[in-house]
Trainee: 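Sharing a structure with you now.
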Amino acid sequence: MKPLCAADSKCVVQTMQNCWMACLILIASAALIENTDSLKAKRNELSAQIAEVSKRKEDATALKDQSRAIGDEIAHGDADLKEIEKDIETRLMLIPNLPHESVPFGKSAEENVVVREWGKKPTFDFKPKDHLTLGKSLGICDFERGTKIAGSGFPVYRAAGAILERSLLNFFLETHRERGTYTEVSVPFVVNRESITGTGQLPKFEEDLYRCDTDDLFLIPTAEVPITNMHRDEILSESELPLCYCGYTPCFRREAGSYGKDTRGFLRLHQFDKVEMVKFAKPDESYAEHEKLTADATHILELLGIHYRVILLCSGDMGFGAAKCYDIEIWSPCEEKWLEVSSCSNFESFQARRAGVRYRRSDNNKPEFVHTLNGSGLATPRLLVALLETFQNDDGTVSIPDVLKKYTGFSLITQNGMK
RNA sequence: GGAGAGGUGGCAGAGUGGUCGAAUGCGGCGGCCUCGAAAGCCGUUGUACCGCUUGUCGGUACCGGGGGUUCGAAUCCCUCCCUCUCCGCCA
């Protein structure tokens with residue numbers, strides 16, 4: 001997803017305009033609502049009178065005429081109101097979330113803050129090969145055939161590659177399960193328009209989604225969408241919070257506008273696999289949960305022994321709906337750059353408002369919006385890049401990290417297969 | 001794909017034009033009883049918006065979504081969506 005261009009002054013001005021206009025229109029509409037409501041009250045009164053008069057078998061024509069006239073007025077008022085509401089809604093939906101106070105101000109990715117770094121850059125006493133070269137010589141991926149089947153950005157994993165990829169997903173899910181925090185879910189890979197509006201991908205990011213036109217369904221860009229929408233339009237009880245889910249899904253992204261950027265190999269794909277963590281939390285606990293969620297994601301990297309760092313995104317680099325966001329980046333020794341494998345975000349009530357997810361503090365209180373959070377834990381393609389490059393040997397083979405061996409069933413990928 | 005049935009409050013389930021935000025039961029909450037609990041009894045119990053005299057206040061809307069008929073719609077008509085049953089077909 002493209003972040004909101006906070007550095008772009010035109011964008012900021014538009015947002016401000018939408019905020020103010022929405023406020024002004026809202027204030028103005030109150031008078032209109034008051035007017036039509038009192039007309040409706042009058043009509044209800046007349047209807048009751050008509051019912052009574054008719055029961056007595058008396059003539060109610062005059063009353064009916066009066067009621068009909070009021071009805072016309074109401075119809076006009078309601079039509080105006082409907083248009084106004086639509087206008088407000090359109091404006092509100094384009095307003096991004098507000099950053100949390102702990103988020104540094106900044107215009108672009110350059111002003112992000114490195115929060116912590118774990119491990120160190122791997123060194124080699126031979127010339128390391130990049131993941132594409134390794135992938136090809138080991139026969140574990142086939143981009144050409146993926147392109148033939150579907151198009152560029154749709155990779156084929158084969159042999160040890162396919163097994164390794166599947167093993168990673170199982171390793172992620174099992175690791176989360178062992179920690180006992182998350183309930184695993186398996187959810188639909190397509191969602192309806194309401195769902196994708198609920199998590200905030202619509203209306204702003206429609207061009208990044210694959211759509212099934214005949215049914216107006218969308219291929220999910222992340223499991224965040226179906227999982228967060230599980231509780232759409234629900235009032236949760238305080239005792240069940242925080243609700244924590246994790247689930248595997250493939251993710252589909254058109255990546256419109258990012259052609260030519262990171263197109264090599266696994267760096268940017270139209271389809272990839274990911275395990276996502278999603279939380280519904282009480283507002284006063286959401287930031288603590290955010291830290292835990294981020295730690296759950298990095299825990300996996302520590303088990304694997306992959307060098308990573310955690311970045312706190314500045315205000316200008318954050319996504320549309322996030323109030324605070326940590327990116328987890330892993331080191332690619334051959335690309336010689338950091339690769340984002342997870343974004344752990346606290347959306348506060350941004351998604352909860354759109355999706356209508358609330359909870360009741362106690363039975364006397366009105367329902368309040370929950371806070372929603374999510375983060376990858378983790379996505380496979382870029383992790384594969386770091387994994388292949390980090391654990392390669394001088395003979396061109398790749399060693400499997402210890403923790404993965406029970407999932408793969410082999411400990412070495414060689415040119416002839418696996419051992 | 002063919003035929004039929006249905007979508008009502010947290011759940012179950014009445015209601016076929018006005019007195020229905022909606023009977024009844026279950027659940028939840030409060031109270032009585034009790035050493036305590038169960039049972040029983042009594043009471044209470046949705047959401048959103050608008051207004052002000054901010055109140056156990058007044059008003060409006062909501063019975064799958066949208067539209068229509070009517071003075072008035074949960075109720076009648078149209079349309080869309082969804083669920084269920086049977087038949088067919090296929091993983």
Trainee: Encode nucleotides 62-67 of chain B as B, S and - characters from 5' to 3', where the letter depends on protein heavy atoms closer than 4.0 Å: B to the base, S only to sugar-phosphate, - to neither.
Mentor: ----SS
Trainee: I need the CG-C1' distance between L32(A) and U60(B), as an integer number of Å.
Mentor: 13 Å
Trainee: Could you give the distance separating G55(B) and A12(B) at their P atoms, to the nearest angstrom?
Mentor: 38 Å
Trainee: Can you tell which of A48(B), G46(B), A61(B) lies closest to the side chain of R360(A)?
Mentor: G46(B)
Trainee: If the P atom of G30(B) is compared with that of C86(B), how far apart are they to the nearest Å?
Mentor: 44 Å
Trainee: For D78(A) and G68(B), what is the distance between atoms CG and C1' respectively, to the nearest whole Å?
Mentor: 15 Å
Trainee: When rounded to the nearest Å, what value does the distance between C1' atoms of G88(B) and G21(B) take?
Mentor: 45 Å
Trainee: Fill in the dot-bracket string of RNA chain B, one character per base: . for unpaired, | for a pair to another strand, ( ) or [ ] for pairs within the strand, taking Watson-Crick or G-U pairs under 3.5 Å.
Mentor: ((((((((.[[[..)..(.....]]]((((((.......))))))(((((((..).)))))).[[[[[..)....]]]]])))))))....
Trainee: Walk me through whether K274(A) and T222(A) qualify under side chain to side chain donor-acceptor pair (under 3.5 Å).
Mentor: CA-CA 8 Å; K274(A) 177 159 72 66; T222(A) 156; 2.9 Å; yes
Trainee: Quick one: which of G59(B), C71(B), U47(B) gets closest to the side chain of D37(A)?
Mentor: G59(B)
Trainee: Indicate for each nucleotide in nucleotides 77-82 of chain B, in 5' to 3' sequence, whether protein heavy atoms under 4.0 Å reach the base (B), only the sugar-phosphate (S), or nothing (-).
Mentor: ------
Trainee: For residues D142(A) and Y157(A), is any side-chain donor paired with an opposing acceptor at under 3.5 Å?
Mentor: no
Trainee: Looking only at the side chain of A41(A) (C-beta and beyond, no hydrogens), which of the listed nucleotides G59(B), C71(B), C50(B) gets closest?
Mentor: G59(B)
Trainee: Expressed in whole Å, how much space separates the P atoms belonging to C77(B) and G25(B)?
Mentor: 32 Å
Trainee: Return no unless some side-chain N or O of N35(A) is found under 4.0 Å from OP1 or OP2 of G51(B).
Mentor: no
Trainee: Rounded off to whole Å, could you give me the NZ-to-P distance for the K64(A) and U69(B) pair?
Mentor: 16 Å
Trainee: Rounded to the nearest 0.5 Å, how far does CZ of R358(A) lie from CD1 of I235(A)?
Mentor: 4.5 Å
Trainee: For I33(A) and N44(A), take the nucleotide of RNA chain B holding the closest heavy atom to each; which residue's nucleotide lies nearer the 5' end?
Mentor: I33(A)
Trainee: Nearest whole angstrom, please: distance from the P of G51(B) to the NZ of K42(A).
Mentor: 22 Å
Trainee: When you check the side-chain N and O atoms of T380(A) and D273(A), is any donor under 3.5 Å from an acceptor?
Mentor: no
Trainee: When you compare the side chains of S102(A) and K324(A), does any donor N or O come within less than 3.5 Å of an acceptor on the partner?
Mentor: yes
Trainee: Classify I50(A) by what it touches in the nucleic acid, base, sugar-phosphate, or nothing, heavy-atom distance under 4.0 Å.
Mentor: base
Trainee: If we take the C1' atom in both G72(B) and C84(B), what is their distance in whole Å?
Mentor: 34 Å
Trainee: When all nucleic acid strands are considered with a 4.0 Å heavy-atom cut-off, which category describes R193(A): base, sugar-phosphate, or nothing?
Mentor: nothing
Trainee: If you find the nucleotide of RNA chain B closest to A51(A) and the one closest to P367(A), which residue's nucleotide is nearer the 5' end?
Mentor: A51(A)
Trainee: In whole Å, measure the gap between the P atoms of U83(B) and C42(B) for me.
Mentor: 42 Å
Trainee: Are any of the side-chain heavy atoms of F105(A) and C314(A) separated by less than 4.5 Å?
Mentor: no
Trainee: Is any side-chain heavy atom of E224(A) closer than 4.5 Å to a side-chain heavy atom of F347(A)?
Mentor: yes
Trainee: Please determine whether side chain to side chain contact (heavy atoms under 4.5 Å, CB included) holds for the pair D296(A) and M277(A), giving the CA-CA distance in whole Å, both sets of side-chain angles, and the decisive distance to 0.1 Å.
Mentor: CA-CA 9 Å; D296(A) 288 333; M277(A) 305 172 286; 3.9 Å; yes
Trainee: So that I can tick it off, tell me whether R232(A) and E194(A) are bridged by a salt bridge, with the cut-off set at under 4.0 angstrom between side-chain N and carboxylate O.
Mentor: yes
Trainee: Could you give the distance separating G43(B) and C35(B) at their P atoms, to the nearest angstrom?
Mentor: 25 Å
Trainee: Can you measure L63(A) atom CG to G72(B) atom P for me and round it to whole angstrom units?
Mentor: 13 Å
Trainee: Report the distance from atom CG of L39(A) to atom C1' of C50(B), rounded to the nearest whole Å.
Mentor: 13 Å
Trainee: Rounded to the Å, how far apart are F369(A) CZ and U47(B) P?
Mentor: 13 Å
Trainee: Look at the side-chain N and O atoms of K366(A) and state whether any lies under 4.0 Å from the OP1 or OP2 oxygen of A48(B).
Mentor: yes
Trainee: Run the ring-centre check on H231(A) versus Y359(A) and record whether the distance is less than 6.0 Å.
Mentor: no
Trainee: Start with the C-alpha gap between C251(A) and F189(A), add the side-chain angles, then the distance that decides, and say whether side chain to side chain contact (heavy atoms under 4.5 Å, CB included) holds.
Mentor: CA-CA 8 Å; C251(A) 303; F189(A) 302 162; over 6 Å; no
Trainee: Can you check the E85(A) CD to A48(B) P distance for me, whole Å?
Mentor: 16 Å
Trainee: Using ring centroids (six-membered ring only for Trp), state whether Y326(A) and H290(A) fall under 6.0 Å.
Mentor: yes
Trainee: Give me the distance, rounded to whole Å, that separates G6(B) from G13(B) when you measure between the C1' atoms they each carry.
Mentor: 14 Å
Trainee: Counting only side-chain heavy atoms from C-beta out, which of U47(B), A61(B), U19(B) sits nearest to K55(A)?
Mentor: U19(B)
Trainee: To the nearest 0.5 Å, what is the distance between CD (E276(A)) and OH (Y182(A))?
Mentor: 10.0 Å
Trainee: Side chains of S47(A) and N44(A): is there a donor and an acceptor less than 3.5 Å apart?
Mentor: no
Trainee: What nucleic acid atoms does D65(A) come within less than 4.0 Å of, heavy atoms only: base, sugar-phosphate, or nothing?
Mentor: nothing
